[in-house]
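Counting starts at 1 for both ligands and their atoms, in listed order. Throughout, residue positions are numbered sequentially from 1 according to the sequence presented.
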Amino acid sequence: MPVEEFVAGWISGALGLVLGHPFDTVKLLGFFKGMSFPIASIAVVNSVLFGVYSNTLLALTATSHQERWAQPPSYTHVFIAGCTGGFVQAYCLAPFDLIKVRLQNQTEPRARPGSPPPRYRGPVHCAVSICREDGPWGLFRGAWALTLRDTPTLGIYFVTYEWLCRQSTPDRQNPGAATVLVAGGFAGIASWAVATPLDVIKSRMQMGGLKHRVYRGVLDCMVSSARQEGLGVFFRGLTINSARAFPVNAVTFLTYEYLLSSWG
Ligand SMILES: C[N+](C)(C)CCCC[C@H](N)C(=O)O
């Protein structure tokens, strides 16, 4: 199994994340606060996404990454490979994403004398507390909602990227850097726009028992959120998600393509 896609996915995910982190943490004062944990985790997850995507395409079309601009795969194959990558990465992402959401939702006032200490002291303490309270499976709280969010939307992600690259590149040639940046950025926006409703639900399920009540399942969470707050609840975060998605995914795709082409 070719591994360079995993490595390129790893590095490109980390770089994209450095850019996206301030958007992710916009509610907090320190923009780059707590960056090492997301870098380490999202790099792994992006490596799984791009590695599984590329190897699924290889299995479906018998073309390696280097041959793919000259012999472009069908959009159906791109979609299936993207969904497969999305499905596998969702399970790798689930525990990391849960910890991130739990830590980002800790908005208790910072260490004022007499104020209660935050529930979690950091990522490791958070993971250990969740395991202690809910057992190791507790780390996968909300994983199903995350899978529903990521499987189709990562199919859309790669189809949008491929489509935009092919639109602006002469037939069978490699796209230039500017094309890759723009196509990657819009792929991120398209994918996040579709993913936002399930992103809201996913985060609520992950906060179940803390900020929100414990839901019986994805459907229960959707229905009760919509009943209490109206349909607008599904679009919460749409603007910030899209603003974050452009730079993150432009850099991710550019780095990914650059690394793979320089490794020949
Ligand atoms: C599928 N969904 C839109 C939810 C995520 C897309 C992931 C792409 C990239 N790692 C990023 O964080 O933007």
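Side-chain polar atoms of Arg204 and Tyr215 form no donor-acceptor pair below 3.5 angstrom.
Summary of contacts: the protein heavy atom closest to atom 2 (N) of ligand 1 is Ser191 OG, 3.6 Å. Distance from atom 10 (N) of ligand 1 to its nearest protein heavy atom, with residue and atom name: Asn46 OD1, 4.1 Å. If you check which protein heavy atom lies closest to atom 12 (O) of ligand 1, you get Arg244 NH2, 3.1 Å. Protein heavy atom nearest atom 7 (C) of ligand 1, with residue, atom name and distance: Leu154 CD2, 4.1 Å. In this structure, the protein non-hydrogen atom closest to atom 1 (C) of ligand 1 is Thr153 OG1, 3.0 Å. Taking atom 13 (O) of ligand 1 as the reference point, the nearest protein heavy-atom neighbour is Trp192 NE1, 2.9 Å.
Note that Arg166 lies outside the cation-pi zone of Tyr161, set by a 6.0 Å cut-off to the ring centre and a 45° limit from the axis.
Between Tyr256 and Phe253, the ring planes lie perpendicular to each other; the angle is over 60°, past the 30° to 60° tilted range.
Heavy-atom proximity to Asp150, at under 4.0 Å, picks out these atoms of ligand 1: 1 (C), 2 (N), 4 (C). Listed by number with element, the atoms of ligand 1 under 4.0 angstrom from any heavy atom of Ala195 are 3 (C), 4 (C).
A salt bridge links Glu133 with Arg119; the closest basic N to acidic carboxylate O contact falls under 4.0 Å. For the pair Arg68 and Glu257, the salt-bridge criterion is not met [side-chain N within less than 4.0 Å of a carboxylate O].
Ligand 1 has a nitrogen or oxygen under 3.5 angstrom from a nitrogen or oxygen of Asn249.
Evaluated for a side-chain contact (heavy atoms from CB on, under 4.5 Å) with Met205, the options Leu98, Val101, Asp220, Val218 yield exactly one hit, Val218.
The two residues Asp150 and Leu93 make their nearest non-hydrogen contact at OD2-CD2, 3.8 Å.
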